Amino acid sequence: MQPLDLIVLIGTLVFIIIYGIAKNNKHKDIHAYMRGSGEKKSWVICLSIIATQASAITFMSTPGQAYESGMGFLQIYFGLPLAMIVISAVFIPVFYKQNVYTAYEYLEGRFNLATRQFVAFLFLISRGLGVGLTLYAPAIILSTILGWNLNLLCLLIGLAVIFYIYIGGEKAISQTQTLQMIVILSGMAVALIVLIQYLPKGVSFKDAVYLAGKMGKMKAVDTKLSLDGRYNIWSGILGGFFLSLSYFGTDQSQVSRYLGGASVKESKLGLFFNGMVKIPMQFFILFIGVMTYLFFMFHSSPVFFNNKALEKADLSPQVKQQLADKEKQHNLVEIQRNNAAMELIHFHNTPQEGTYLDTLRKLEQEDYTIRSDVKQIITKNAPKVETRDTDYVFLTFVLNHMPVGLIGLLLAVMFCAAMSSTAGQISSLASTTVVDYYKRSINPNGSDKHYVNASKVSTLIWGGITIAFAVSAPLFDNLVQAVNILGSLFYGTILGVFIVAFFFKFVKGRAIFLAAISSEILILSLFFADKITSYLGIHPIGVVSKIAYLWYNPIGVILVVGFSSLFALFLPEKKKALV
C-alpha cells in the first residue's frame with residue numbers, strides 16, 4: 001500500500017472519531033447518554049439503522065457472494081419493507097407509549113421479570129457473538145494487506161470504537177454513523193465506476209450485463225420452494241420478513257437507533273426510508289460483486305484469492321510445484337475464457353451464440369475444477385489455511401487494480417462500516433445490561449449520573465468481550481452468512497415472545513417463559529441435528545438436517561406461539577395468595 005493510501009485511510013478514520021467526539025452533548029442524565037436527548041430526524045435514523053446493520057462484512061463479503069453465486073442473496077431482503085410497515089404500526093407506538101430505553105422493558109409489564117431478562121439474555125448472546133464477527137472482518141483485511149498482527153488489529157479497532165462510545169454516547173454514535181455512511185456509499189460508487197472503466201475495448205456496459213446474465217450471475221429471484229435452499233423468493237419473503245421483523249423490531253442494536261427519534265413520526269419515517277433504501281443498496285453492492293466477476297473474466301486473476309495466507313504456510317517444494325502447475329493451467333483457461341466471452345458478445349443474437357455460450361460455460365466449469373483441485377491440495381498440506389476465499393475477491397481487486405489514493409478510500413469504507421456497526425452494537429449491549437439487569441435487579445435506586453457511569457463501565461466490559469471474541473474467532477464459511485445464521489438461531493424465539501405480547505392477550509408470564517425456553521432448545525437442536533446425530537451414530541431425519549437458516553425465524557415464532565398457547569390452556573397462572 002502506497003503512502004498516499006495510508007494517509008487517506010488514517011486521515012479519514014481519525015477525522016470521523018474526532019468529529020463524533022466533538023459533536024457529543026453533555027451527558028447530564030441517562031436519557032441523553034442512551035437516546036442522544038431524543039433529537040434524531042428521520043434521515044439520521046435511517047442512516048444510523050443502515051450503518052449499524054451494514055458492517056464491514058457487508059462490503060467485504062457480499063461482493064464475493066455475488067462473484068460466486070450471483071444476485072440470489074438479494075432475496076433475503078424481500079420481506080424487509082413489509083416488516084418495516086408492521087414495526088411502524090405496532091412496535092414503535094407501544095415502545096414510545098411505555099417510554100422504554102430497551103425493547104425488553106416492555107416485556108416485564110406485559111409478562112414478568114423472568115421473561116424480560118431471558119429474552120434480554122438471548123439478545124446479549126446473539127449480538128455479543130455477532131459483534132465479534134463485525135470486528136474480526138476488517139482486522140482480516142488489514143492483516144492480509146500489511147502483514148500486521150491480526151490480534152493487535154482487533155485490539156486497535158475495538159479500542160477506537162470504545163473510545164468515542166465511552167465519551168460521546170448515543171449522540172456520538174449517530175453523528176459518526178451519518179458521516180461514515182457518506183464515506184461508504186461514495187467509496188463503493190467509485191469502485192463501481194472504476195470497474196466499468198476497466199471493461200475491455202469493444203465491451204459496453206450493456207454487453208457486460210448481458211454476459212453476466214448468460215452466466216447466471218444476474219438471476220436475483222429463484223421461485224423454487226425448498227427448505228434446504230438458502231436463497232429463494234419464498235425463504236426471502238417469509239423467512240426474511242420474520243428475520244427483519246425480529247432484527248429491527250426487537251434487537252436493541254436497532255431499536256435504540258429509532259427510540260432516540262424526535263417524535264413517533266420521525267421514527268416511523270426513518271424505518272420507512274430504511275425499507276425503501278435497503279434493497280436497492282444491497283442490489284448495488286451485489287452488482288459490484290457481479291462486475292468484479294466480469295473484471296476477472298477479462299483480466300488475470302489468482303487461482304486462489306487468499307494468497308497472503310498461503311504464502312505464510314510451510315509448504316514443501318513439491319507442493320509449491322503442484323500449485324504452480326495448477327496456476328499455469330488456470331492461466332491458460334483464463335485466456336481461452338476471455339476469447340470465448342468476447343466471441344459470445346460479438347455473436348450476440350446470432351445463430352452462433354449458443355455455441356460460444358456452451359464453450360464459455362465449459363471453460364468456466366474447467367476453471368472451477370482447477371480451483372477446487374488447488375483447495376484440496378491446500379487442505380491436505382496446509383489445513384490451517386482457510387480455503388473459502390470468496391471474502392478476498394473484492395479485496396484482491398481493490399489492492400491490485402484500484403488507482404493509488406482510491407485504495408485508501410476503499411479500505412476506509414470497510415473500516416468505517418466496521419466501526420459504525422460495532423459502535424451501535426456495543427452500545428446496545430451496554431444499555432441492555434444496565435437497564436434490564438443492573439438498574440432493574442441490582443441497584444434500582446441510583447442517580448442518573450450513577451447510571452451514566454454504569455453504562456460507560458458496561459461499554460468497556462462489552463468492548464473487551466467483543467475484542468476477545470474477535471481475537472479467537474475462526475474465519476467462517478462466509479462472514480455475511482455467519483452473522484445471519486447466528487441471528488436466525490435466536491431471533492425467531494425473541495420475535496415470537498413479542499408477537500405473543502402484542503396479539504395473544506390470554507397468554508401470561510408463566511406460559512410465555514416456558515414456551516420461550518422450550519422453543520430455543522428445539523431451534524438449537526434442529527440446527528445442530530447433523531452434528532448431534534453424527535456423534536451418536538444415528539442417521540438424521542431427512543428434511544430436519546437440511547433446513548436453511550432463514551427458515552429458523554418463522555419456525556421459532558410458530559413454536560413460541562404454539563407452545564405458549566398450549567401452556568396457557570393447560571398450565572394456568574398461579575394465583576397470588578391474599579395477604
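Values below: every heavy atom of this structure, side chains too, minus hydrogens, waters and symmetry copies. If you're wondering where the values come from, they're calculated on a predicted model, not measured in any experiment.
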field: Lys/Arg-Asp/Glu bridge criterion (N-O < 4.0 Å) met for R371, D367
entry: yes
message: Could you check whether any side-chain heavy atom of L411 comes within less than 4.5 Å of a side-chain heavy atom of D5, counting everything from C-beta outward?
response: no
field: ring-ring contact (aromatic ring centres under 6.0 Å, His included) partners for Y356, two or more places apart
entry: F347
query: Of all heavy-atom pairs between C46 and G270, which one has the smallest distance, and what is that distance?
result: CB-O, 3.6 Å
message: Please check this pair: side chain of K217 against backbone of E68, looking for a donor-acceptor N/O pair closer than 3.5 Å.
response: yes
- prompt: What residues, two or more places apart in sequence or in another chain, satisfy salt bridge (charged side-chain N to carboxylate O under 4.0 Å, His left out) together with K326?
  reply: D373
task: Kindly give the heavy-atom pair with the smallest separation between V8 and G408, and that separation in Å.
output: CG1-C, 3.8 Å
query: Does a side-chain heavy-atom distance below 4.5 Å link I285 with P63?
result: yes
- prompt: When the ring centroid of F295 is compared with that of F397, is the distance short of 6.0 Å?
  reply: yes
query: Nearest 0.5 Å, what's the OG1-NE2 distance between T292 and H299?
result: 12.0 Å
- prompt: If you measure from CG on L410 to CG on L399, what distance do you get to the nearest 0.5 Å?
  reply: 9.5 Å
message: Does any part of the side chain of V374, heavy atoms only, come nearer than 4.5 Å to the side chain of T387, both counted from C-beta?
response: no
message: Could you tell me if the side chain of Q2 sits less than 4.5 Å from the side chain of I407, heavy atoms only?
response: no
- prompt: Roughly how far apart are S48 OG and I45 CD1, rounded to 0.5 Å?
  reply: 8.5 Å
Heavy-atom closest contact (G249 atom, I87 atom, distance): N-CD1, 3.5 Å
message: Are there over 12 heavy-atom neighbours, none belonging to Y368, within less than 6.0 Å of that residue's OH?
response: no
- line: So CD of Q254 and CD1 of I50: to nearest 0.5 Å the spacing works out to 9.5 Å
field: Within-4.5 Å side-chain heavy-atom neighbours: Y293 and M297
entry: yes
- prompt: Which word best sums up how the rings of Y247 and Y491 line up, parallel for under 30°, tilted for 30 to 60°, or perpendicular for over 60°?
  reply: tilted
query: Are the side chains of F305 and D391 in touch, meaning some heavy atoms are under 4.5 Å apart?
result: no
query: Does any N or O in the side chain of S69 come within less than 3.5 Å of the main-chain N or O of Q65, such that one atom is a donor and the other an acceptor?
result: yes
- request: Please test M71 against F283 for side chain to side chain contact (heavy atoms under 4.5 Å, CB included), starting from the C-alpha separation and ending with a verdict.
  value: CA-CA 8 Å; M71 302 288 289; F283 180 92; 3.3 Å; yes
- prompt: Checking side chain to side chain contact (heavy atoms under 4.5 Å, CB included) for the pair I555/F242: CA distance, chi angles, key distance, verdict?
  reply: CA-CA 9 Å; I555 289 172; F242 282 102; over 6 Å; no
message: Listing request: all side chain to side chain donor-acceptor pair (under 3.5 Å) pairs with a residue in residues 269-278, at least two apart in sequence or in separate chains.
response: Q53-K278, K278-Q282
- line: The side chain to side chain contact (heavy atoms under 4.5 Å, CB included) partner of R127 among T466, D251, I426 is D251
field: Distance (rounded to the nearest 0.5 Å) between L152 CG and I157 CD1
entry: 9.5 Å
Verdict with reasoning, D325 to Q321, per side-chain hydrogen bond (donor to acceptor under 3.5 Å, both in side chains): CA-CA 6 Å; D325 291 340; Q321 186 59 51; 2.9 Å; yes
task: Give a yes or no on whether the backbone of P280 and the side-chain of Y77 come within a donor-acceptor separation of less than 3.5 Å.
output: no
- request: Could you tell me which non-hydrogen atom of L74 sits nearest to which non-hydrogen atom of I279, and how far apart they are?
  value: CD1-O, 3.6 Å
Distance-only criterion, 3.5 Å: show the donor-acceptor pairs between side-chain atoms of residues 332-342 and protein atoms not counting sequence neighbours.
residue: E334; atom: OE1; partner: S301; partner atom: N; Å: 3.4
residue: E334; atom: OE2; partner: S301; partner atom: N; Å: 3.0
residue: E334; atom: OE2; partner: S301; partner atom: OG; Å: 2.4
residue: E334; atom: OE2; partner: H330; partner atom: NE2; Å: 3.3
residue: Q336; atom: NE2; partner: L332; partner atom: O; Å: 3.4
residue: R337; atom: NH1; partner: E364; partner atom: OE1; Å: 3.1
residue: R337; atom: NH2; partner: F296; partner atom: O; Å: 3.0
residue: N338; atom: ND2; partner: F298; partner atom: O; Å: 3.1
residue: N339; atom: ND2; partner: I335; partner atom: O; Å: 3.3

message: Test side chain to side chain contact (heavy atoms under 4.5 Å, CB included) on K214 and E353; report intermediate values, then the result.
response: CA-CA 11 Å; K214 286 296 182 181; E353 179 183 40; 3.7 Å; yes
- request: Return yes if a side-chain donor-acceptor contact under 3.5 Å exists between S204 and D207, otherwise no.
  value: yes
message: So which atom in A83 and which in S244 form the shortest heavy-atom distance, rounded to 0.1 Å?
response: CB-CB, 3.7 Å
message: With ring-ring contact (aromatic ring centres under 6.0 Å, His included) as the criterion, how do F394 and Y67 come out once you've worked through the C-alpha distance, each side chain's angles and the decisive distance to 0.1 Å?
response: CA-CA 9 Å; F394 183 59; Y67 173 93; over 10 Å; no
field: Heavy-atom donor-acceptor pair, T379 side chain to K375 backbone, under 3.5 Å
entry: yes
task: Might you work through the side chain to side chain contact (heavy atoms under 4.5 Å, CB included) test for L360 and L211, ending with a clear yes or no?
output: CA-CA 10 Å; L360 182 57; L211 181 58; 3.7 Å; yes
Partners passing ring-ring contact (aromatic ring centres under 6.0 Å, His included) against F273 (at least two apart in sequence or in another chain): none
field: Which residues share a ring-ring contact (aromatic ring centres under 6.0 Å, His included) with Y258, sequence neighbours left out
entry: none
I193 CD1 to Q197 CD distance, which is reported to the nearest 0.5 Å: 7.0 Å
task: Could you check if a side-chain atom of F248 sits within less than 4.5 angstrom of a side-chain atom of R257, using non-hydrogen atoms only?
output: no
query: Does the side chain of L135 come within less than 4.5 Å of V131's, by heavy atoms?
result: no
- prompt: G70 and L286: which non-hydrogen atoms are nearest, and at how many Å?
  reply: O-CD2, 4.3 Å
